[in-house]
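Heads up: the structure comes next, in structure tokens.
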Amino acid sequence: MSKLSIHWFRKDLRLADNPSLHFAAQNGPITPIFILDTVNNTQKEFNLGEASSWWLHYSLNSLNESLGDRINCFSGDPLKIIEQLISAYEIESFSWNRCYSPWEIERDTKIKSFLKENDIEVKTFNASLLWEPWEILKDDNTPYKVFSPFYRKGCLKKHAGPREVVAKNDYSFSDKLASSIDIDSLKLLPKHHWKDKLNKHWKIGEKSAMEKYIHFRDNGLTGYKEGRNFPAQENVSVLSPHLHFGEISPHQIWFDNKSAFPEKDVAHFHSELGWREFSYYLIYHFPFMCTENLNKRFDKFPWSENQDFLSAWQKGKTGYPIVDAGMRQLWETGYMHNRVRMIVASFLVKNLLIDWRVGMEWFNDCLCDADLANNTASWQWTAGSGADAAPYFRIFNPILQGKKFDPDGEYTKHFVPELKNLPSKFLFAPWEADDSVFEEAGINYGEDYPKPIVSIEESRDIALKAYDQIKG
DNA sequence: ATCGCCTTATT
DNA sequence: ATAAGGCGA
């Protein structure tokens, strides 16, 4: 048997623009492996949530189809599995594309030196970031903490630019290894029926990811800059889960010719990719922030542990329609529009006074695009404890946000159908309607739909006082 | 060292 | 109109 050129698939579940795969192909057929790591990410913050586990199952199946059913799956401790592979087979080369979560960096560093000690050629590549986090620094060689200068100066001006897209070849793949298991044996599908709802909302895999990008480009990119704020409009790409699992790369998107589209929309869409980069950048330079406040002052913040509030938030029964619509969209579809993510997160942290980590855990479990970097950076941003955070007093008002960004109530009524007959002027503040309005709308207020669990004004004041306490 | 600037707001 | 405060050059 000839020597194996192993490519280790991780967050790069595609054939196109895959530098490691491209490298492995130089030595004949590639041996593609996937390892479900059951050892290094057991901490709940890093664990594969239910929705992303569900996604991964189908993404692997889609990938495997492209590989002609040649994927080799394993489950367990990657180091041990790789150890077994190199003792059982002769290895020509071992390669992968980099991952950037702190626990992945730690794991991969160990595996890389282990392979080197055993005289195996090991190569790693960039497949998922436009700018390597260590390549962008201020003039004083410390990392940026504010997005705009990071992106405009660090990324766009000073850097030579992202690597080119790797051409796709007709790769060939070796026969399956005897010790590998099949995808089903990874047991990624959740047992309960929640997942059944997800099926109708998504097409998973490399081909669908590219189709979705093209569809967005041709139908949603024009008007993106403003339209992206309106959850009822189709001006967002919804590429996040595909990007998370690497079914499509930011390079493929970045370098795609968009000259037919308005410059301001294109620039803004690119800057959103920049935000994704910034999140990865932050957790690379400040790995502790995945579990701890970036701003240490927040360690003293008097978070509430109100389980009733948390449960109402999770179920979408807070009595604030735009918040509830968002939380139900999450539960129904494994996704939430970005504008609404900010609204529900602000509500949890600044009106219910619940620790951002509790919200992050729920998002991690329910979002198909659950991503440690984006989740960490965005929750901390909302909580005010993170980098480039909004001033603490900038607390989202769910009534005003609803009126402003869902003016016709289309999004809210879709996910909170019990309010569909409520006149628009009351939709985001139902308590302002009197009995006759509810009667006419056929709503038993307080039964069919809950009354607010907290007062916006009072809870806002409490949050501001708590913030005053932790100020230096 | 100082000064302009800052994704996503609210009243 | 207003609201802190820190970052970046």
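Everything numeric here is computed off the predicted structure, so don't read it as measured data. Per chain, numbering begins at 1; letters A, B, ... match sequence-line order.
The side chain of K153(A) sits closest to dA9(C) out of dA9(C), dG8(C), dT10(B). Taking the side chain of P149(A) as heavy atoms from C-beta on, and the options dT11(B), dT8(B), dG8(C), the nearest nucleotide is dG8(C). Side chain of K138(A), nearest nucleotide from dT7(B), dC6(B), dG8(C): dG8(C). Of the candidates dC7(C), dT7(B), dT8(B), the closest approach to any side-chain atom of M342(A) belongs to dT8(B).
Listed by residue number, the members of residues 367-388 of chain A with any heavy atom below 4.0 angstrom from DNA chain C form an empty set.
dA9(B) and dG6(C) have their P atoms separated by 22 Å, given to the nearest Å. Atom P of dT2(C) sits at a distance of 22 Å from the matching atom of dT7(B), rounded to the whole Å.
Ring centers of W254(A) and H270(A): under 6.0 Å apart, within the cut-off. Ring pair W356(A)/W303(A): centre-to-centre distance not below 6.0 Å. Taking the six-membered ring where the residue is Trp, the centroids of Y224(A) and F269(A) are separated by under 6.0 Å.
Contact between the side-chain N/O atoms of R297(A) and the OP1/OP2 oxygens of dA4(C) is not found at any separation under 4.0 Å. The shortest distance between the side-chain N/O atoms of Q401(A) and the OP1/OP2 oxygens of dT10(B) is below 4.0 Å. Between R339(A) and the phosphate of dA9(B), there is a side-chain N or O to OP1/OP2 separation shorter than 4.0 Å. Taking side-chain N and O atoms only, Y144(A) has no distance below 4.0 Å to OP1 or OP2 of dC6(B). Between S148(A) and dT7(B), a side-chain N or O to OP1/OP2 separation shorter than 4.0 Å is present.
Atom CG in L282(A) sits roughly 13 Å away from atom P in dC7(C) (whole-Å rounding). Computed from coordinates, the L273(A) CG to dT7(B) C1' distance equals 15 Å when rounded to whole Å. For L464(A) and dA3(C), the CG to P distance is 13 Å, given to the nearest whole Å. Rounded to whole Å, the distance from CD1 on I395(A) to P on dT8(B) is 16 Å. One can place CG of N397(A) at 17 Å from P of dT8(B), the figure rounded to the nearest angstrom. Taking atom CD1 of I399(A) as the reference point, atom P of dT10(B) lies 10 Å away to the nearest angstrom. Atom CG in D461(A) sits about 15 Å away from atom P in dT10(B), given to the nearest Å. Look at CG on D140(A): it is 12 Å from P on dC7(C), rounded to the nearest Å.
Around the CG atom of D435(A), the shell of radius 6.0 Å holds no more than 12 heavy atoms that belong to other residues, nucleotides or ligands. Heavy atoms of other residues, nucleotides or ligands lying less than 6.0 angstrom from NE2 of H193(A) number 12 at most.
Among the atoms of the strands shown, base atoms are found under 4.0 Å from some heavy atom of E272(A). The residue R152(A) sits close only to the backbone: its heavy atoms come under 4.0 Å of sugar-phosphate atoms, none of a base.
Between S52(A) and F245(A), the closest side-chain pair of non-hydrogen atoms falls below 4.5 Å. For the pair D196(A)/N199(A), a side-chain contact is recorded, criterion being any heavy-atom separation below 4.5 Å from C-beta on.
Rounded to the nearest 0.5 Å, atoms OG (S20(A)) and CZ (F23(A)) are 7.5 Å apart. Put simply, CZ on F347(A) and CG on L352(A) are 4.5 Å apart, with the number rounded to the nearest 0.5 Å.
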Dot-bracket notation for DNA chain B, counting Watson-Crick and G-U pairs under 3.5 Å, with | for partners on another strand: .|||||..||.
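At least one donor-acceptor pair closer than 3.5 Å links the side chain of D324(A) to the backbone N or O of K317(A). Between the side chain of H285(A) and the backbone N or O of P133(A) there is at least one donor-acceptor pair closer than 3.5 Å.
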